[in-house]
There are 2 protein chains.
Amino acid sequence: MTIDTDPAEAARQARAEQRSAQLLEAAARLMDRDGPESVSMQSLATEAGVSVGLIYRYFGGKDELLLAVILNVLDAFGTEVPRAMDEAGEDPVHRLAAGLRALCEVIDDQRYAVVLTYRATKQLSAEGRHRIMELELSTMEPLREALRAGRDSGVLDVVDVDLEAYNLLLLAHSWALKHWYYERRYTPAEFTTAQTAIALRALVPPRHRRKYAALLATAATQ
Amino acid sequence: MTIDTDPAEAARQARAEQRSAQLLEAAARLMDRDGPESVSMQSLATEAGVSVGLIYRYFGGKDELLLAVILNVLDAFGTEVPRAMDEAGEDPVHRLAAGLRALCEVIDDQRYAVVLTYRATKQLSAEGRHRIMELELSTMEPLREALRAGRDSGVLDVVDVDLEAYNLLLLAHSWALKHWYYERRYTPAEFTTAQTAIALRALVPPRHRRKYAALLATAATQ
DNA sequence: TCACTGTGAATGAATCTAGATTCATTTCAT
DNA sequence: ATGAAATGAATCTAGATTCATTCACAGTGA
């Protein structure tokens, strides 16, 4: 099965990957400046400094492009969340908090792409939609895992792991979804801290609260 | 200023209102059957059994129509939530639970219109967007009020009223937003009960939990 | 009671528009 | 010189919008 080793082919692949990244970057920049509805093939081409036709070489069409943008975010979740959680050590509560923070950071970074996830369902093929669902679920797996671990060791009071994991994801998504409201009241960091406190307050039973006081506190605490 | 009393004018108004309601109903039915992206002027006209042109008489265009659909849902929130809360009596916790339940019920009933709220931002005029924001905020006011009352009387542990009220709204919205996932695992009623328990678990301090045991319990409680 | 007429309601084929897609042509790298 | 990469004007498409036309009926006079 060693079909590789063709240097020309390898070079092509490398270039393709670079182009693809360039286009995704441009899409992000464009959405960030003009909102997600401005992602037309023309404006994307202009933003990326290439011609429309070229986009079709690297992405089959708009559908595939949007799918790629979305998968890109989900991929960032899949990378950043576990990394942050592992850095946080073994404690399930700290792991959870770290995961939520990472989630919020990626979302802040890719705000419009996250919103796109909710908007683009229309143009996506059934298969694309399915991939997104699968990926979203597997993205959340580390959070679910931490919830389970915390429940098993008694530091977390979890009733329904799946539901509560999804709630955490939505808590973070809300930064993108309701940004028009939150941006007036919180910085990204404040938002993250406050939501972490709220989420953990729901999960950490009283007897363990002292231990996690730092995570449970907010600037606004009375 | 008694410009009314024109019976012809009154009749016209009545008919206009009826038409408008008929069209909004058709839009709901259509979205429910074919998804929100199928709301084209043609298909809406077909569904409502009128001609395309007529829609333009009652709604200026697609933007206004979508705005009306959305305002319609928000209006239902504005009516149902306070009603349910008032029926629940004085106790802030019961009021909150009743409000959340009412929210979930309206959302289940208008699932696609709720999703539309997140999708349609594009086509809405700045003014329409603004009205939606205002309305959403005032819709949540009863929830905020209950949170404040509960905090003041000590039965609720609330750090940031605005943030937590919005989280409750999103908890309910998630039924519509992530329906593809939840529908496989919960009935609307189960979802509502579970989310209520989770939300209240976060808010009711331990010393008051016994009193609200019924709301805090779920079928799934270990 | 019945034709007659004026007015708003309703129609839907024709038009317009935004933007996605194609592909004949040109440029570039080896 | 050759093939891949890139271009962008021309085409295609979905669907929103218009508007000339028809319809329905209330009011009017015989």
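Atoms considered below: every heavy atom in the structure, side chains included; atoms not considered: hydrogens, waters and symmetry mates. We name chains A, B, ... by the order of the sequence lines, and we start the count at 1 in each one.
Distances were taken from every side-chain heavy atom of R57(B) (C-beta onward) to each of dA9(C), dA20(C), dA6(D); the shortest belongs to dA9(C).
Judged by distance alone, the side chains of N167(B) and Q195(A) do bring a donor and an acceptor atom under 3.5 Å apart. Q22(B) and R19(B) are linked by a side-chain donor-acceptor pair at a separation below 3.5 angstrom, with hydrogens and angles left out of the test.
Considering only residues two or more places apart in sequence or on other chains, Y166(A) meets the ring-ring contact (aromatic ring centres under 6.0 Å, His included) condition with Y181(B), Y182(B).
Between the CD atom of E64(A) and the P atom of dA20(C) there is a distance of 15 Å, rounded to whole Å. Between Q18(B) atom CD and dG8(C) atom P the separation is 20 Å, expressed in whole Å. Rounded to a whole Å, the CG atom of L44(A) is 14 Å from the C1' atom of dT21(C). Atom-to-atom, CG of L23(A) to P of dT7(D) comes out at 10 Å; the value is rounded to the nearest Å. Computed from coordinates, the Q42(B) CD to dA14(D) P distance equals 13 Å when rounded to whole Å. Atom C1' of nucleotide dA16(D) and atom CG of L66(B) are separated by 12 Å, given to the nearest angstrom. Straight-line distance from the CG atom of D63(B) to the P atom of dA16(D): 10 Å, rounded to whole Å. Atom CE in M41(B) sits about 15 Å away from atom C1' in dT17(C), given to the nearest Å.
The side chain of Y56(A) contributes no N or O atom lying less than 4.0 Å from OP1 or OP2 of dT7(D). A sub-4.0 Å separation between OP1 or OP2 of dG8(C) and a side-chain N or O of R15(B) is absent.
Among the heavy atoms of the strands, none lies under 4.0 Å from F59(B).
We find the CZ-CD distance between R185(B) and E190(B) to be 11.0 Å, quoted to the nearest 0.5 Å.
Residues A45(A) and S51(A) share a closest heavy-atom pair of CB-C, 3.7 Å.
In summary, R131(B) and E136(B) do not engage in a salt bridge, as defined by a charged side-chain N under 4.0 Å from a carboxylate O.
Near DNA chain D, meaning a heavy atom under 4.0 Å from it, residues 47-55 of chain A has V50(A), S51(A), V52(A), G53(A), L54(A) in order of number.
No donor-acceptor pair closer than 3.5 Å links the side chain of K178(B) to the backbone N or O of E183(B).
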